[in-house]
Q: 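Let me give you the structure first, and then I'll get to my questions.
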Amino acid sequence: MVKGVSLFFILTFITMTSVSQVPFSRQLFDTYDTYAAPITSNRFTHAELTQHIDGFATSLNGILTVEELGRSAEGRGLRLLKLGTGPTKVFFWSQMHGDEPTATMALMDMLSYIRDHRDSPEIRRILSETTLLILPMVNPDGAERFQRRTVYGIDMNRDAARLQTPEAKILKSVRDRYDPEIGLNLHDMDPRFTVGKTDKVAGIALLTPAFDYAKTDNAVRLRAKHVAAELVGIFSAYIDGHISKYDDAYEPRAFGDNMQGWGTSTVLIESGGWKGDPQKFFLRKLNCVAFLTLLQSIAARAYDKADIAAYDALGDNTRALYDIIVEKVTLRYDKTIAPVTVDLGIHMDEVKKDGTIRRQARITELGDLSTFHCFERINAEGVTIDASAVKLESVVNMDHLRTLLSK
Ligand SMILES: [Zn+2]
């Protein structure tokens, strides 16, 4: 009888804990619009970010501390945000590539949620069991120009060993000062990767970077793999099949690889692509949901039960997608060359002109694209157009091209 009763309680406990995890993530997802930070363009500047952080410094007074650690080459402040008093330190850093803003927005969303729900059991537990270290927009000079590299033209993700840029020195200083157990290295990648050979766009790519050429697993990297496996489970609830594994070649100059080697269990999260969402606001939302759900799992010491096989089984990040493929169009040349039938691969680039952001079509491939996938396929079988309208690497007016193809 006693045994039966305790079994009942154990089963009830297991059921409650396993059920409660799903609603938190789902609640974060379903109520996102009620707490998301008011950032409406992915081209926000360091000055705008500073305003958001100043706002949190006030609204989260007593919970959040903000400290300027130093300045970028051009003098923009890099500020570390610190919350929580728990023993497990989790370090988030974002936008070391200036044109990769998705996770910075998601971190502001996360702080907004914490501000609005600071008295909820989940947030209280996160803040008592973990210490959050957040260094958003590590490369503000690059962000100002919406470019990958710092103002020196250096890719700071190849400066982790030499530490020549002030931004790299500051990022390393947080690692040295706090020795965080877990690190999340937050980036954006080209939105046109697929998951392995499938036609599914990679919405998110994950990686537990190697710390040596042999890709050795030690306790630090294994812990990172548990974190990555937990993230696979969280993301899969919303984008099942759209999660890939990023290229795992060891890069001795990169931050993720070095952080792993320095002792912080590091997971790279790359926001990829999603159909009809060039500014990646849906992926931003998923990042926010994943950060908070992961923190809940870390606070409950549950993430290390996630099966590493879920991470190992991810398909490789594969370059196999165009925004648009025009299929089997016949190109007419001058008298010296006979007509030819080809597929056209088109990329839609985001470009800023006269202060406004436009999407601009560019022909990036021409030939047999039957093994590639796309967000939009235009069947042009039987249609002949002048070859001069679609030169390789040239910008094309899509409205004009669509008109030509419809004739
Ligand atoms: Zn990057």
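What you see below is based on every heavy atom in this structure, not just the backbone, and it leaves out hydrogens, waters and symmetry mates. One-based numbering, in listed order, for ligands and for the atoms of each. Owing to the predicted nature of the structure, the values given are computational and were not obtained by experimental measurement.
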Q: State whether D188 contributes an N/O/S atom found under 2.8 Å from the Zn ion (ligand 1).
A: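 No, outside the cut-off.
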Q: Answer yes or no on whether K215 is positioned over the face of Y250, meaning its NZ or CZ is under 6.0 Å from the six-membered ring centre and within 45° of the axis.
A: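 Cation-pi check for K215 and Y250: fails.
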Q: Regarding T318 and D316, do their side chains bring together a donor and an acceptor under 3.5 Å, going by distance alone?
A: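 No, D316 and T318 have no side-chain donor paired with an acceptor closer than 3.5 Å.
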Q: Compute the angle centred on the Zn ion (ligand 1) spanning ND1 of H97 and ND1 of H187, and express it rounded to 10 degrees.
A: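 That angle is 100°.
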Q: Output the atom name for the N/O/S atom of E100 with the smallest distance to the Zn ion (ligand 1).
A: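 That would be atom OE1.
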Q: Does the side chain of T45 come under 3.5 Å of the side chain of E48 through a donor N or O and an acceptor N or O?
A: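 Yes, E48 and T45 have a side-chain donor paired with an acceptor closer than 3.5 Å.
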Q: Would you check if there is a donor-acceptor pair between the side chains of T330 and T341 at a distance under 3.5 Å?
A: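 Yes.
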